[in-house]
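Excluded from the calculations below are hydrogen atoms, water molecules and symmetry mates; all remaining heavy atoms, backbone and side chain alike, are included.
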Amino acid sequence: MRAQSSATSTAPIAVGAPARKRSAGTLQAALGVVAFSLTFPATAWGLESFGTWSLVAVRSVLAAAIAGSCLLAMRIPPPERRHWFGLAVVAAGVVLGFPLLTTLALETSTTAHAAVVVGLLPLTTALLSALRVGTRPSRTFWIAALAGAAAVVAFTVQQSGGALTAADAYLFAALLVCAAGYTEGGRLARVVPGWQVIGWALVLCLPLTVPAAAVALAVEPVHLTAHGVAGLLWVAVGSQFLGLVVWYRGMAAIGIPKASQLQLAQPLLTLVWSVLLLGEHLPVAAPLTAVAVLVCIAVTQRARG
């Protein structure tokens, strides 16, 4: 009787564990989105003090120094050889490609415009996930995801007057490389802790980023300001490392497609930060887009994948 009672008492814990894991995963992915939503305003701040190449290279070196210190302190062995290709994709897309392309775009684009273009990232990530990982979300999921993407596209076209610029080309390229990095990172985070995924990707880039930082700092002028230093520190610590740690953990827990749809809220959060931190004008269409996007998020989170 005692053994039967014990088994009965533990059953609810076993049943509730997956739900708690999904809730924790959703929270972690959401924290990653909040961290990423500050990336563009922080980049705009960083460009006040640093050139484009200096900012991108130095942020990667600083993030790699933090990640490498954690890996050494915890005596984490190098990942297995079969994981290095995936880490290289993460490094190329998330550590190098996306920061460089978006920083180039922000030289001529506002953070608000860049944010809504990059709002297509969730759909791009879901598409690449379906191709690479073999996920098959439901029809309801895809309808809601496409509706959210359509809202973002409509907002972008309305704000730009229908004309695409060189900055848009950088941003669309950034979408592709970042989605590839997110997909590979989410896949690896199922077997390797998320912080180790981004940690090793950052360390993998050091042979490129250290020389690049040295050359860029020698060539491009540096004018240190409080905003510039704060922006650099955030994109290095918050966006490049801590944000990606919780993001990959969240993707591993709830799946790449559903986690990616939480990013539909990212451009709207960035719009708020652009007003509060940069003093940019908030477009009138933003509240309408916010309602449409939040509805899409609710539907995708409830759709069976």
Side-chain angles (χ1 to χ4, degrees), residues 13-36 63-64 67-68 70-71 74-95 97-98 121-138 141-142 145 175-205 239-264 266 297 300-305:
I13 298 177
V15 172
R20 287 197 299 272
K21 182 179 179 181
R22 287 193 297 270
S23 297
T26 300
L27 176 60
Q28 289 170 334
L31 289 174
V33 170
V34 173
F36 300 152
C70 293
L71 292 169
M74 300 184 69
R75 299 181 179 180
I76 303 298
E80 299 177 24
R81 181 175 297 180
R82 61 192 177 97
H83 296 320
W84 280 106
F85 173 78
L87 288 172
V89 174
V90 174
V94 177
V95 177
F98 186 79
L121 182 57
L123 181 59
T124 309
T125 303
L127 287 170
L128 289 183
S129 171
L131 294 174
R132 177 69 177 91
V133 186
T135 55
R136 293 294 182 268
S138 66
F141 177 96
W142 284 115
L175 285 176
L176 294 176
V177 298
C178 189
Y182 280 174
T183 299
E184 285 300 315
R187 184 183 64 83
L188 287 174
R190 295 176 179 176
V191 292
V192 179
W195 75 271
Q196 293 181 28
V197 172
I198 186 57
W200 285 114
L202 286 163
V203 171
L204 185 64
C205 290
S239 302
Q240 194 84 65
F241 183 61
L242 296 180
L244 285 168
V245 168
V246 293
W247 174 244
Y248 282 141
R249 286 176 62 89
M251 281 200 294
I254 66 176
I256 297 173
K258 286 192 174 183
S260 69
Q261 296 314 301
L262 290 174
Q263 277 199 305
L264 284 170
Q266 183 176 323
I297 291 175
T300 57
Q301 293 305 298
R302 286 167 174 75
R304 293 181 62 185

Test log, rule side-chain contact (heavy atoms from CB on, under 4.5 Å), inputs Val95 and Ile198: CA-CA 8 Å; Val95 177; Ile198 186 57; 4.0 Å; yes
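- Heavy atoms only, all atoms of each residue included: Ala180 and Leu128 are closest at N-CD1, 3.5 Å.
- Qualifying side chain to side chain donor-acceptor pair (under 3.5 Å) partners for Ser239, counting only residues two or more places apart in sequence or in other chains: Thr39, Trp234.
- With sequence neighbours left out, the side chain to side chain contact (heavy atoms under 4.5 Å, CB included) criterion links Ile76 to Leu71, Met74, Trp195, Gln196, Trp200.
- In this structure, CG in Leu121 is found 6.0 Å from CG in Leu175, a value given to the nearest 0.5 Å.
- Counting all heavy atoms, side chain and backbone alike, Ala189 lies closest to Ala252 at O-CB, 3.5 Å.
- Note: Arg82 CZ to Leu87 CG = 11.5 Å, rounded to the nearest 0.5 Å.
- Judged as a side chain to side chain contact (heavy atoms under 4.5 Å, CB included), and not counting sequence neighbours, the contacts of Leu242 are Val237.
- Scanning all heavy atoms of the two residues, the minimum distance from Ala253 to Gly25 falls at CB-CA, 3.6 Å.
- When every heavy atom of Cys178 is checked against every heavy atom of Phe98, the shortest pair comes out as CB-CD1, 3.4 Å.
- For Arg187, the side chain to side chain donor-acceptor pair (under 3.5 Å) partners are Glu184, not counting sequence neighbours.
- The two residues Leu202 and Ala67 come nearest to each other via the heavy atoms CD1-CB, 4.0 Å.
- Qualifying ring pair (Phe, Tyr, Trp, His ring centres under 6.0 Å) partners for Tyr182, counting only residues two or more places apart in sequence or in other chains: Trp247.
- In this view, Ala92 satisfies the side chain to side chain contact (heavy atoms under 4.5 Å, CB included) rule with no residue, not counting sequence neighbours.
- Within the 4.5 Å cutoff, the side chain of Val94 has heavy atoms near those of the Tyr248 side chain.
- Here the CG-CD1 distance, from Leu262 to Ile254, works out to 5.5 Å after rounding to the nearest 0.5 Å.
- Leu244 CG to Met251 CE: the interatomic distance, rounded to the nearest 0.5 Å, is 8.5 Å.
- The nearest pair of heavy atoms linking Ala91 to Leu204 is CB-CD2, 4.3 Å.
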